[in-house]
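One structure is given here, and the rest of the page talks about it.
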Amino acid sequence: MAAGSTYTPIATTTLGSNVASYTFSSIAGTYTDLVLVYAGTGDNGDLYLQFNGDTGTNYSVTNLYGNGTSAGSNRATTNSVSYVPGLIRSTQPSSPITHIMNYANTTTYKTFIARAGSADYEVMARVGLWRSTAAITSITIKNTGGNLNSGSVITLYGITAA
């Protein structure tokens, strides 16, 4: 889907200092989907998301990855977070993109597709599930390695029905 009037920036932030997490809150249910883009660096680790502050074991993910020499996959269930692909490093910016479908629907579990890559590491895609029928009204972004670094830009887009 081409960008244009379909993608509406809901909020953008440029981190002014290193932070342990960042939360988009009070997300209106006026779009069909959400797209979250992280462009920046962080202490060496993986990004992960929590929806509506849920720290229960309600998240599952399936990973597909490859590095030009080998490829693989794995699956994790009953996680307390939803991992986003792409190692966030302090020395090399990364730009994982996460597409969250039907985030405001209150009759289905929430699914997402995320992708990222690095020329010197690997490319990865993840399909995730949050086992909740609640509408997503907040998204918290954290890094397993520590901080999200100063200067990183995080943008949340709403997608209207095409």
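Fair warning: this is a prediction, and the values are worked out from it, not measured in the lab. Residues: numbered from 1 along the sequence shown.
- Between Phe51 and Phe112, the two ring planes are perpendicular [angle over 60°; tilted spans 30° to 60°].
- A donor-acceptor pair under 3.5 Å is absent between the side-chain atoms of Asn102 and the main chain of Asp33, judged by distance alone.
- Smallest separation of non-hydrogen atoms from Leu36 and Ile139: CD2-CG2, 4.3 Å.
- Under the 3.5 Å distance criterion, the side-chain polar atoms of Thr32 are matched with a main-chain donor or acceptor of Ile159.
- A pairwise comparison of heavy atoms in Ala135 and Ala104 identifies CB-O, 3.7 Å as the closest pair.
- For Ser80 and Tyr59, the side-chain atoms include no donor-acceptor pair closer than 3.5 Å.
- Closest non-hydrogen pair, Ser152 versus Tyr38, comes out as OG-OH, 3.1 Å.
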Apply side-chain contact (heavy atoms from CB on, under 4.5 Å) to Gln50 and Lys142, showing your working. CA-CA 8 Å; Gln50 287 179 317; Lys142 296 182 180 183; 3.7 Å; yes
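- Panel note: side chain Lys110, backbone Asn105; a donor-acceptor pair is recorded below 3.5 Å.
- Panel note: side chain Thr77, backbone Ser60; no donor-acceptor pair is recorded below 3.5 Å.
- Val81 and Leu148 fall into different hydrophobic clusters, where Ile, Leu, Val, Met, Phe, Trp and Tyr residues are linked whenever their side-chain heavy atoms come under 4.5 Å apart, directly or through other members.
- Side-chain atoms of Thr137 do not come within 3.5 Å of backbone N or O of Ser26 as any donor-acceptor pair.
- Under the 3.5 Å distance criterion, the side-chain polar atoms of Asn18 are matched with a main-chain donor or acceptor of Ser150.
- With Asp54 as the fixed residue, the side-chain hydrogen bond (donor to acceptor under 3.5 Å, both in side chains) test singles out one of Thr57, Asn58, Asn52: Asn58.
- Smallest separation of non-hydrogen atoms from Ala11 and Phe24: CB-CE2, 3.6 Å.
- Donor-acceptor pairing under 3.5 Å is lacking for the side chains of Arg126 and Thr62.
- Under 3.5 Å, the side chains of Ser25 and Ser138 contain no donor-acceptor pair of N or O atoms.
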